[in-house]
Amino acid sequence: MRWWWAGVSMAGGVVVLAACSGSAGGGSPGVPSGSRSPAVPSTRAQTQVPSSAAPTPASSASLESCAAGRVDVAVGPGAAVDRRLCVRPGTVVSLVLRPRADDKRWTAVHSSAPVFVLVSGWQVSSDGTARVSLRCAGTRAGAAVVGVSAKAPDVAGAARVAFTLYVSVVPYGKEG
């Protein structure tokens with residue numbers, strides 16, 4: 001008698017699977033399986049940078065202008081809050097953030113993709129100048145967004161990103 005119920009539940013499971021296989025591509029019924037329904041949320045992590053603004057290795061204007069070795073980037077008061085940088089694999093970027101004109105102080109630095117750009121040093125001196133050392137991937141090509149946050153010391157709340165560096169790591173061309 002037990003085997004009969006097992007057979008019925010197995011047949012029911014097969015029917016449910018067959019009904020669900022029509023939308024196995026992630027879409028809804030009536031939507032082709034190759035496209036996603038806009039009502040279905042994506043499980044991928046969302047970045048805060050629009051895809052058009054995110055750097056990619058192919059988006060660099062001229063690959064010859066990519067920096068290699070050691071690069072120094074200085075940011076002072078009144079400078080642009082966004083900067084783009086194209087580097088070759090293995091490059092070390094030294095980022096110097098001068099004291100801000102407002103009451104805010106540099107508090108932290110974060111890389112969106114540590115596999116491509118790793119924050120290897122962070123120091124804030126007594127005069128408010130922050131120094132960041134960034135090490136780029138040795139062999140890989142990719143892009144990362146490095147955000148530096150600032151906050152007023154006497155105001156409660158979280159620090160906000162005050163400077164963003166878009167780094168593209170572009171490999172050397174292959175001879176062939």
Side-chain angles (χ1 to χ4, degrees), residues 26 34-36 41-176:
S35 64
R36 291 191 61 95
S42 174
T43 58
R44 246 188 309 172
Q46 297 293 323
T47 58
Q48 297 178 349
V49 178
S51 61
S52 61
T56 59
S59 71
S60 56
S62 76
L63 298 178
E64 292 81 26
S65 65
C66 291
R70 183 162 177 81
V71 179
D72 295 321
V73 178
V75 178
V81 295
D82 291 338
R83 227 182 247 187
R84 299 193 184 285
L85 183 63
C86 175
V87 297
R88 297 294 185 175
T91 302
V92 176
V93 179
S94 177
L95 179 62
V96 178
L97 303 154
R98 301 282 176 219
R100 296 177 51 93
D102 55 6
D103 192 26
K104 295 181 180 179
R105 295 184 186 156
W106 302 111
T107 57
V109 63
H110 173 71
S111 174
S112 67
V115 71
F116 297 121
V117 178
L118 179 67
V119 178
S120 62
W122 167 253
Q123 174 187 0
V124 180
S125 61
S126 61
D127 68 343
T129 301
R131 288 177 171 71
V132 182
S133 178
L134 305 170
R135 297 189 183 275
C136 299
T139 58
R140 298 180 125 182
V145 179
V146 177
V148 184
S149 57
K151 175 183 174 310
D154 57 348
V155 178
R160 298 188 186 264
V161 174
F163 177 74
T164 306
L165 182 65
Y166 300 96
V167 182
S168 295
V169 180
V170 180
Y172 293 100
K174 295 182 179 177
E175 295 181 27

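Being a predicted model, the structure only gives us computed values, none of them experimental.
- Listed by first and then second residue, the side chain to side chain donor-acceptor pair (under 3.5 Å) pairs involving residues 91-103 are Arg100-Asp102 (not counting sequence neighbours).
- Applying the side chain to side chain contact (heavy atoms under 4.5 Å, CB included) criterion to Ser125, with sequence neighbours excluded, gives Asp127, Thr129, Arg131.
- Residue Trp122 comes nearest to Ala108 through the heavy atom pair CZ2-N, 3.6 Å, listed as atom of the first residue, atom of the second, then distance.
- Side-chain contact between Leu95 and Val148 is present, with at least one heavy-atom pair separated by less than 4.5 Å.
- No donor-acceptor pair under 3.5 Å is formed between the side chain of Ser168 and the backbone N or O of Cys86.
- Closest approach of Ala150 and Trp106 over heavy atoms only: CB-CE3, 4.0 Å.
- In terms of heavy atoms, Ala152 sits closest to Lys104 at N-CG, 3.7 Å.
- Pairs passing the side chain to side chain donor-acceptor pair (under 3.5 Å) check and including a residue from residues 67-82, sequence neighbours excluded, do not occur.
- Partners of Arg105 according to the side-chain hydrogen bond (donor to acceptor under 3.5 Å, both in side chains) rule, which considers only residues two or more places apart in sequence or in another chain, do not exist here.
- Residues Lys151 and Ala159 share a closest heavy-atom pair of CB-CB, 3.6 Å.
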Atom pairs and distances, donor-acceptor, side-chain atoms in residues 133-146, under 3.5 Å, two or more places apart:
{"unit_1": "Ser133", "atom_1": "OG", "unit_2": "Ser120", "atom_2": "OG", "d": "3.3"}
{"unit_1": "Arg135", "atom_1": "NE", "unit_2": "Ser120", "atom_2": "OG", "d": "3.4"}

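- Under the 4.5 Å side-chain criterion, counting only non-hydrogen atoms from C-beta, Val93 is not in contact with Val167.
- Residues passing the side-chain hydrogen bond (donor to acceptor under 3.5 Å, both in side chains) test with Ser111, sequence neighbours excluded: none.
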